[in-house]
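Take a look at the structure below.
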Amino acid sequence: MSIPNETGANQQWGGRFAEGPSAIMQAINASIGFDAKMWRQDIRGSLAHAAMLAHVGIISAEDEAAIRQGLAEIAREIESGRFEWSEALEDVHMNIEARLTERIGEAGKRLHTARSRNDQVATDFRLWVRDAMDGLAAQQMDLIRVLVRRAEEHAATIMPGYTHLQPAQPTTFGHHLLAYAEMLWRDRGRMLDARARLNECPLGAAAMCGTGFPIDRHMTARALGFDRPTANSLDSVGSRDFAMEFLAACAICATHLSRLAEEIVIWTNPAFGFVKLPDNLTTGSSIMPQKRNPDAAELVRGKTGRITGALVGLLTVVKGLAMTYAKDLQEDKEGVFDAAESLTLCLAATAAMVRDMTPDAARMRAAAGAGFSTATDLADWLVRELRLPFRDAHHVTGRLVARAESLGVDLAGLSLAEMQAVEPRITAAVFEVLTPEASVASRRSHGGTAPENVRAACAAWKERLA
Ligand code: ARG
């Protein structure tokens with residue numbers, strides 16, 4: 001490809017330049033190393049732009065046909081790996097346009113009428129982020145489906161519930177998984193909210209102030225699947241909050257996945273032994289033959305760092321920029337690409353782990369009964385049956401826990417006489433509320449952990465997901 005002109009300056013704007021860029025100028029300036037990823041969006045945008053230019057009579061129908069055909073051929077070249085990307089041409093936009101002109105001549109040079117790389121890149125990038133949002137929202141949906149399926153299976157599988165990672169109250173594995181389904185549903189909502197705000201088309205804002213040509217921005221917006229053209233040309237080329245919102249939605253989702261990943265790490269530790277991951281989702285150690293490491297979960301947890309880093313990175317890139325475009329904005333892409341790819345992996349790996357993990361109901365049940373986890377049930381019984389004010393019931397229960405602890409038994413292991421030594425009105429009926437089964441079954445308040453609630457929640461989820 002013959003890029004530099006006789007002086008070595010860039011063909012696309014070389015007229016004003018006596019010489020080409022220095023090696024370092026070219027190296028720091030080029031974005032082709034990463035923005036080639038947007039070639040489909042770039043061609044799609046150019047097709048829409050050319051069709052509009054022809055429609056309003058800015059270019060001829062013949063030129064538009066030549067552009068359309070040339071871009072289709074370029075798409076095939078890129079797809080088949082035959083396209084030669086050039087760093088001298090800086091970015092995806094100029095690589096494709098230069099190749100187009102090389103192929104079709106004059107008509108190719110007319111494509112950039114009433115357009116600038118500033119609105120072009122803003123359009124391409126929105127299209128790319130929109131596709132990523134759609135893909136991620138679909139994956140979030142898949143994960144929610146898996147969570148609900150496993151929750152239904154384990155609606156009555158008792159496990160310890162923790163606060164401070166200390167035994168708190170018995171819950172069920174199903175209820176626990178549905179907590180994540182709720183989080184993921186909101187994550188998906190955030191993605192879709194951001195998508196709705198993103199979906200305006202900057203194409204036609206040109207360099208920054210619009211254009212004197214009689215373009216039809218509604219036509220290009222429609223052709224590219226946008227709801228409408230953006231309203232302000234300066235905002236169109238100078239703003240990247242659509243990407244910030246995308247990254248924020250990614251970072252929050254990744255944070256949720258990271259918490260679940262951390263729990264999987266804990267659950268699969270032999271000291272807990274609540275859950276087993278299949279061989280194909282764990283790794284061994286090159287030195288310790290007994291090892292079975294939850295690397296997938298650890299990497300989901302670990303990748304959250306770079307996703308959140310991308311959000312902070314972009315916020316920082318944009319924070320000091322005067323309106324409108326500055327080359328700093330070229331630094332908006334790599335973090336977004338990386339975050340999207342990382343979150344895609346995290347969602348897929350999490351869905352695989354949730355789908356294929358095997359909970360050990362016996363170990364979870366045993367742990368759920370330990371740690372005086374039904375102490376709240378005992379206090380509630382004192383309130384309900386003996387009409388004790390809750391604070392007094394709390395105090396009595398605290399004394400019973402201390403007594404049980406010193407005897408080395410759990411609450412149900414105390415004799416009635418031991419109990420009555422602390423509160424004489426306690427009767428044998430109290431023992432009925434001290435099992436984890438009774439505890440979870442009693443918690444039927446809206447959103448509570450009772451198996452019948454979990455089953456009803458699963459049914460509601462299935463309706464929502466249908
Ligand atoms: N590669 C550039 C970017 O990603 C395209 C826009 C260049 N605009 C300019 N005025 N130099 O931001």
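All values below come from the heavy atoms of this structure, side chains included, with hydrogens, waters and symmetry mates left out. One-based numbering, in listed order, for ligands and for the atoms of each.
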Salt bridge check, Arg99 against Glu77: does any charged N sit closer than 4.0 Å to a carboxylate O?
yes
Can you list, by chain and residue number, every protein residue with a non-hydrogen atom closer than 4.0 Å to ligand 1?
Ser31, Asp35, Asp91, His93, Arg117, Asn118, Val121, Tyr325, Lys327, Gln330, Lys333
Enumerate the residue pairs fulfilling salt bridge (Lys or Arg N to Asp or Glu O under 4.0 Å) with a member in residues 261-290, sequence neighbours excluded, ordered by first and then second residue.
Glu262-Arg301, Asp279-Arg292
Mind checking side-chain contact (heavy atoms from CB on, under 4.5 Å) for Arg117 and listing every partner two or more places apart, or none if nothing turns up?
Trp13, Glu90, Asp91, His93, Met94, His112, Gln120
Worked check of side-chain contact (heavy atoms from CB on, under 4.5 Å) between Met141 and Trp185:
CA-CA 8 Å; Met141 228 16 193; Trp185 181 259; 4.0 Å; yes
Using the side chain to side chain donor-acceptor pair (under 3.5 Å) rule, collect all pairs that involve residues 207-224, keeping only residues at least two apart or in two chains.
Arg217-Thr230
Thr157 and Thr172: side chain to side chain donor-acceptor pair (under 3.5 Å), yes or no, with the steps?
CA-CA 5 Å; Thr157 302; Thr172 71; over 6 Å; no
